[in-house]
Amino acid sequence: MTRRGFLGVTAAAAGAAATGWIGGAHLLGPGLPGLLLPSRLPLPRPYQVPLPIPPVLDPVRHEAGTDFYEITQRVAELDIIPGVRTPAWTYGGSFPGPTIVARSGRRAVVRHRNELPEPTVVHLHGGHTPADSDGYPMDLLLPTGDAGGASHAGHGAGGLARGSREYTYPHEQRGATLWYHDHRHGVTGYAVWQGLAGFHLVHDEEEDALGLPADDHDIPLMIVDRSFGADGSFLYPRADARPHSHGVAAPYMNGVLGDVILVNGAPWPVMPVEATRYRFRLLNASNARRYRLELDPQPPGGGGLVQIGSDGGLLPGPIAHDALDVSPAERFDVVVDFSRYRPGTRIRLVNRLGSGSTADVMCFDVTGPAGESRPLPERLAQGPALDPGRAVATRTFHFQLRPDHGWSINGRPYEPGQVLARPRLGTTEVWRLISDFHHPVHIHLDPFQVLSRDNRAPGRFDAGWKDTIDLHPSQAAEIAVRFTDHPGTYMIHCHNLEHEDMAMMADFITE
Ligand code: C2O
Ligand code: CU
């Protein structure tokens, strides 16, 4: 398609939105990023509990080049809201699940055992993973003791498993902040809301050489919103109250929003910090909520959140932000230098897109003695390398609400096995992503680079390698992507989990 054709498509998308074909959603409040589900218990006061750090998972054994891990998925009762207990679906008994810490080039094999009441699927988000371990939404891991397996289908390369199965992660990829979460067809929103999410970090030598904050100064922060029932349980408006039901109740199809913000599973926690630099791996693991994160107060001179990495690892150089827009599934690796504040200062991490209880996220208390600011290295990592001028194909994907069948890509609701694209391994392609609404679009297997938004330069949060792009309403973005190494079936989908479950997902096959 020519530039001019592309402009035509953009205008068509914008025009359609203006004339209201997304009006099929009028009852949902067009443009609203989701519907708030109020908790049925008194909300706790913010800044009362310490920030938890998810446990790091020890391998059960090593072999040359491979670490073996085991995770049991089970219901556990968590202490989240004072005075009540929250039964959660967990990886290994905690929410977030245990953090897997891996090395680039070193293989991990993770055996998952499912002791939950329903089937699951594990996806390593951001992983450069062979198709049979990628967590295709139909490749169910049935619970131990599930006798009705014959009624389920395992459509992907991974097939169907009962009780337990192994996922293999070669880690032939750069150091980056990845995360793992459930990916079952039609039920991802419910399963993740119930607690199935954890960090998976990959380190590499390029990062080691930089002297970035490490160990207890390298902190993953998983930010989610949740709502609670009067008994402390996670509230979620499943389409149908019976177990195994797919999707979300119609009023919530734009997305489910909670009124309690959890960071690493704790409501509005507090973290005491020394007056020095910390690295924070920010992950928005919310189903549908977008955040604009900002430190309040800003340090003198502003630019308190210094971004060093994106979804796909370190940036070429640091970028100082006053605020960060983070859509579901995006990761921003930032360094905060608390020596820019006086000891004794309380700094809130706030959400400028929230209101009331969702305007607060967590806070940091700077402890003495005063420290000294040190600049970060000006160069962090090798620059992004894809050349869109060498693209061998251009494809267009429309992310739209269709009055006839809900959220769709190129007019089709998700149907396992229906293939939308067949990119060739090792070649660069340009993909045009066109939206009617906010859609955080995620692509499996390999990261991409944002080339443009609405024919203008990429936005301030688009730097580096991305695997999720925060598409704005009526927007057309271009990305360059190159798939490598692994032939098979992968996914492109919206990471608003209610949109995903309500069919805004498609298969593509690399060959
Ligand atoms: Cu984080 Cu296909 O998902
Ligand atoms: Cu969406």
Side-chain angles (χ1 to χ4, degrees), residues 17 22 25 28 30-34 96-97 120-129 131 133-139 156 158 167 176-189 191-193 196-200 222 224 247-248 252-257 283-290 311-312 326-331 397-402 406-410 413-414 416 433-447 466-475 477 489-508:
I22 61 170
L28 316 166
L32 288 179
T120 59
V121 172
V122 181
H123 171 59
L124 176 57
H125 183 122
H128 185 58
T129 306
S133 282
D134 194 51
Y136 187 70
M138 305 302 287
D139 288 349
Y167 293 89
T177 302
L178 315 184
W179 61 301
Y180 61 104
H181 61 78
D182 197 68
H183 213 301
R184 177 177 158 211
H185 178 42
V187 193
T188 298
V192 172
W193 188 273
L196 292 181
F199 280 102
H200 184 122
M222 179 188 287
V224 302
V248 69
Y252 292 90
M253 70 173 281
N254 275 14
V256 180
L257 303 178
L283 158 65
N284 178 0
S286 307
N287 283 31
R289 185 178 290 282
R290 295 172 73 247
D311 303 334
V326 191
S327 73
E330 283 188 296
R331 285 88 70 212
F397 299 88
H398 288 267
F399 292 79
Q400 303 165 326
L401 182 63
R402 298 287 294 242
W407 299 112
S408 67
I409 303 180
N410 290 354
Y414 181 57
L433 312 173
I434 299 174
S435 65
D436 56 354
F437 191 74
H438 276 292
H439 295 298
V441 172
H442 170 49
I443 299 172
H444 287 208
L445 185 59
D446 276 285
K466 298 285 298 166
D467 59 42
T468 307
I469 175 172
D470 179 17
L471 274 189
H472 300 168
S474 300
Q475 186 165 66
T489 304
Y490 292 93
M491 324 299 304
I492 175 171
H493 63 88
C494 180
H495 219 290
N496 174 317
L497 298 184
E498 281 71 43
H499 298 189
E500 175 182 343
D501 282 343
M502 303 304 275
M504 190 170 260
M505 180 153 74
D507 288 358
F508 66 89

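Please read all numbers here as calculations on a predicted model, not as lab measurements. Ligands are counted one by one from 1 in listed order, and the atoms in each one are counted from 1 as well. Quick note: numbers below take in every heavy atom, side chains included, and nothing from hydrogens, waters or symmetry partners.
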Check: [X] side chain, [Y] main-chain N or O, donor-acceptor pair, under 3.5 Å:
{"X": "H398", "Y": "L433", "value": "no"}
{"X": "H128", "Y": "L445", "value": "yes"}
{"X": "N284", "Y": "R290", "value": "no"}

>> Taking the ring centre of each residue, are H444 and H493 less than 6.0 Å apart?
In response: yes
> With ring centroids as reference points, do W179 and H495 lie under 6.0 angstrom apart?
Replying inline: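 Under 6.0 Å, so yes.
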> Can you give me the ND1-the Cu ion (ligand 2)-ND1 angle for H439 and H499, to 10°?
Replying inline: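 About 100°, to the nearest ten degrees.
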> Checking only N/O/S atoms, does H438 have one that is under 2.8 Å from the Cu ion (ligand 2)?
Replying inline: no
> Do you see an N/O/S atom of C494, backbone or side chain, under 2.8 Å from the Cu ion (ligand 2)?
Replying inline: yes
>> Within less than 2.8 Å, report the number of protein N/O/S atoms around atom 1 (Cu) of ligand 1.
In response: 3
>> Are the side chains of V192 and N287 in contact, using a 4.5 Å heavy-atom criterion?
In response: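 Result yes, sub-4.5 Å side-chain heavy-atom pair found.
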>> For a quick test of reading the model, state the closest non-hydrogen atom pair linking V122 to Y167 and the distance between them.
In response: N-OH, 3.1 Å
>> Please tell me whether D446 and Y490 have a donor and an acceptor in their side chains that are separated by less than 3.5 angstrom.
In response: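 Short answer, no.
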> Given NE2 of H493 on one side and NE2 of H444 on the other, what angle do they make at atom 2 (Cu) of ligand 1, to 10°?
Replying inline: 110°
